[in-house]
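Note that the structure is predicted; figures quoted are calculated from it, not measured.
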Amino acid sequence: MSHPEQHRGRWRPRPDRPALVALLLGVVGVVYRLVLTLYTVPVSNSDEATFGLAALHIGQGRERPVFLYGQHYMGMLESYLAAPLVAVAGPSWPVLRLPMLALYAVFLYLIHRLTRRICTPWFATVVVGLLALGGERVVRDQLTVVGGRPEVKPAVLLMLLITVGLAAGTVRRRRLAVALFGLLVGLAAWSDWLILPYLAVAGLALVWALRRELLGWSGLLLVAGVVVGIAPMIVDNLRAAPGEDSLSVFREVSTKAGPQPPWSERISGGLLEGIPLAHGLCPVDGCGLWQQWFGVVYPLLLVAGAALAVLAYRHAAAAPRGERVAPVVQLALIAGAALTLLSYVRSPLAATSPLDNARYLSVLQLSLPAVLWPLWVVAVTCWRGTASVLGRLAGALATAVLVALTATMLVVTVLFASTGTAASRTEERAARELAATLRADGPHEVYGDYWTCNRLIFNTDETVICGVLDGDLSPGQNRYLAYWRQVGRAERPGYVVEVDSPMDRRLRRLLAGRDDATPVREVGGYRVYHPDTPVRPWR
């Protein structure tokens, strides 16, 4: 714990040894991610560019989007956080990602504080050390601006800390704290619906902590906070046309036609691929057998964590509420992880595309303290020499699991930092070379595929505008229709296509016999066509 230290008549907190070690590990984790941010690793893409363009529009006062362009369910809080920086420094990937780095630092601080309150100081230090590590899948979820996860995790941790403080009686302005809790619930629900299981269990923990207190002004302030936080979503949905409200759109996106994969395949994809990837035990291209073990152990740890929390609660049944809040919060974290995992394995994507969709399990990092706490308790009991022979064997096994987890995460982190960033940097250089060439020499109105267009627009600060086409040269997913309309009005639009892609081959067939009138350049793995007359086959 932090001990008070008298200094010239004032009392100041002095961090103890576990806190100092946790601070050092946290700084290492932040600096590691800062270096990656400065080099734009992981690589940028058009999804992230859409958030960046929204931040640019917000900073210029042109738009006030509630949801991601072209959607009605992904909140734009990350764009609003980045808008002041983009407005001052101009569009760039490091500038866009700096708020995400700050949110990661806040996440580490809050999870350290919460783990100290519900577990022990040295265990909190271990949790920070594990979360300071990160391979590509983990840092992509933490640093890239693609909506939801970087901001909702600190929000949940702060809600649980408020609950702990209210139960222990250490929060002076209780009603204000309850209103803040509600505001965080609303903002998180607007930002990303994936966090709803954790919001539900955090709400139940608050009800347990306050009980009758919520029947008065505290309850009204809680509801008011939720309404204020989620107000942008409410207003947008009231104005939405039939079938375009958030729930209808989300239901349509989540429901896929065709045969559903069997439960065995969905559970296998969720446990053996999703859980290890979300915790940084695997490279982004998949998990080997030696990395899948954590997915097998994870459900057992959830059960053990729940059992340990129930035993701790029953043991403290006669104690004040402040001494019983720790197992309640642990149960909330266990339940949040279980509900999130259950929701994930219900989706066919858990079976059909586990590598691409493991990002939806990144919120499980919130539950890491509760999941690993049984291992820590058994290991510490063993090494203190207070256990029986069977207990010492269990302690040795628990220690081995913790060491294996740490070693695996460390190996994946080191491999990514030393050898896994080259591909991202090469792709980023090619994208910037393309942007610089078109910005300088044109054409400034072009057509391209989805993964080229918005990144190109962001890289050129909207000097080059791009309309999205599918591989068969039909109109594609144009999230911001103003760009599509501008390119559609161009007298002589160009085409930017990857070399030998389906779009490239289709375009070459359409332009056959017009070589003299169609200048072609190759830039960074792309071909830039600039026909003398527009080529728009969809018309």
Does a side chain donor of either [X] or [Y] reach within less than 3.5 Å of an acceptor in the other side chain?
| X | Y | answer |
| --- | --- | --- |
| Ser501 | Asp504 | no |
| Asn478 | Tyr450 | no |
| Tyr360 | Ser347 | no |
| Glu428 | Tyr39 | no |
| Ser474 | Asp472 | yes |
| Thr40 | Arg97 | no |
| Glu48 | Thr144 | no |
| Tyr69 | Glu63 | no |

Report task. Take Val139 and Phe416 through the side-chain contact (heavy atoms from CB on, under 4.5 Å) test and state the conclusion after the steps. Result -> CA-CA 10 Å; Val139 298; Phe416 170 63; 3.8 Å; yes

Requested in this report: Could you go through the salt bridge (Lys or Arg N to Asp or Glu O under 4.0 Å) check for Arg62 and Glu462 one step at a time?
Outcome: CA-CA 13 Å; Arg62 294 162 49 188; Glu462 296 188 306; 2.8 Å; yes

Query raised in the report: Does the pair Trp484 and Tyr447 meet the rule for a ring pair (Phe, Tyr, Trp, His ring centres under 6.0 Å), with working shown?
Result: CA-CA 9 Å; Trp484 173 258; Tyr447 291 104; 5.6 Å; yes

If you count heavy atoms of other groups shown closer than 6.0 angstrom to [atom1] of [X], is the number above 12?
| X | atom1 | value |
| --- | --- | --- |
| Leu300 | CG | yes |
| Glu522 | CD | yes |
| Arg64 | CZ | yes |

**Report entry** NZ or CZ of Arg527 within 45° of Tyr495 ring axis and under 6.0 Å
**Finding:** no

Requested in this report: For side-chain contact (heavy atoms from CB on, under 4.5 Å), just list the numbers for Leu364 and Tyr344, CA-CA rounded to whole Å, side-chain angles, deciding distance to a tenth of an Å, and then say yes or no.
Outcome: CA-CA 11 Å; Leu364 292 182; Tyr344 178 73; over 6 Å; no

Looking only at atom types and distance, does a side-chain atom of [X] sit under 3.5 Å from a main-chain N or O of [Y], one as donor and one as acceptor?
| X | Y | value |
| --- | --- | --- |
| Gln71 | Leu68 | no |
| Tyr529 | Arg508 | no |
| Thr452 | Gly448 | no |
| Trp93 | Asn459 | no |
| Thr460 | Ala435 | no |
| Thr413 | Leu133 | no |
| Arg455 | Ala49 | no |
| His279 | Met409 | no |
| Thr437 | Glu433 | yes |
| Asp192 | Ile195 | no |

Min side-chain heavy-atom separation [X]-[Y] under 4.5 Å:
| X | Y | answer |
| --- | --- | --- |
| Pro65 | Ile58 | yes |
| Leu143 | Leu101 | yes |
| Pro475 | Val468 | no |
| Tyr198 | Thr340 | yes |

Report task. Report the C-alpha distance between Leu341 and Leu271 in whole Å, list the side-chain angles of each, state the deciding distance to 0.1 Å, and finish with yes or no for side-chain contact (heavy atoms from CB on, under 4.5 Å). Result -> CA-CA 9 Å; Leu341 188 57; Leu271 295 183; 3.8 Å; yes

How long is the gap from [atom1] on [X] to [atom2] on [Y], to the nearest 0.5 Å?
| X | Y | atom1 | atom2 | answer |
| --- | --- | --- | --- | --- |
| Trp451 | Ser44 | CH2 | OG | 11.0 Å |
| Tyr109 | Leu158 | OH | CG | 10.0 Å |
| Leu349 | Asn357 | CG | CG | 4.5 Å |
| Leu98 | Leu103 | CG | CG | 11.0 Å |
| Leu473 | Arg509 | CG | CZ | 9.0 Å |
| Leu110 | Leu160 | CG | CG | 10.0 Å |

Report task. Identify the residue among Val41, Val28, Val138 that makes a side-chain contact (heavy atoms from CB on, under 4.5 Å) with Arg33. Result ->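 Considering Val41, Val28, Val138, a side-chain contact (heavy atoms from CB on, under 4.5 Å) with Arg33 is found only for Val138.
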
Query raised in the report: Of all heavy-atom pairs between Leu38 and Pro94, which one has the smallest distance, and what is that distance?
Result: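 Heavy atoms of Leu38 and Pro94 come nearest at O-CG, 4.0 Å.
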
Query raised in the report: Looking only at heavy atoms, what is the nearest atom pair of Arg505 and Asp500, with distance?
Result: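 For Arg505 and Asp500, the tightest heavy-atom pair comes out as NH1-O, 2.5 Å.
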
Do any side-chain atoms of residues 438-446 form donor-acceptor pairs under 3.5 angstrom with protein atoms, and if so which ones, sequence neighbours left out?
{"unit_1": "His444", "atom_1": "NE2", "unit_2": "Leu438", "atom_2": "O", "d": "3.2"}
{"unit_1": "His444", "atom_1": "NE2", "unit_2": "Arg439", "atom_2": "O", "d": "3.2"}

Query raised in the report: Does the distance from a Lys or Arg side-chain N to an Asp or Glu carboxylate O, for Arg149 and Glu78, drop under 4.0 Å?
Result: no

Requested in this report: State plainly whether the residues Arg137 and Glu273 are in salt-bridge range, i.e. N to O under 4.0 Å.
Outcome: no

Query raised in the report: What's the verdict on side chain to side chain donor-acceptor pair (under 3.5 Å) for Asp47 and Thr50, showing C-alpha distance, side-chain angles and the deciding distance?
Result: CA-CA 5 Å; Asp47 280 346; Thr50 306; 5.2 Å; no

**Report entry** Residue pair Leu131, Leu368: steps toward the side-chain contact (heavy atoms from CB on, under 4.5 Å) verdict
**Finding:** CA-CA 9 Å; Leu131 293 173; Leu368 193 63; 3.9 Å; yes

Query raised in the report: Between Tyr298 and Trp293, does the ring centroid distance fall short of 6.0 Å?
Result: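 Judged by ring-centre distance (under 6.0 Å), Tyr298 and Trp293 do not meet the cut-off.
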
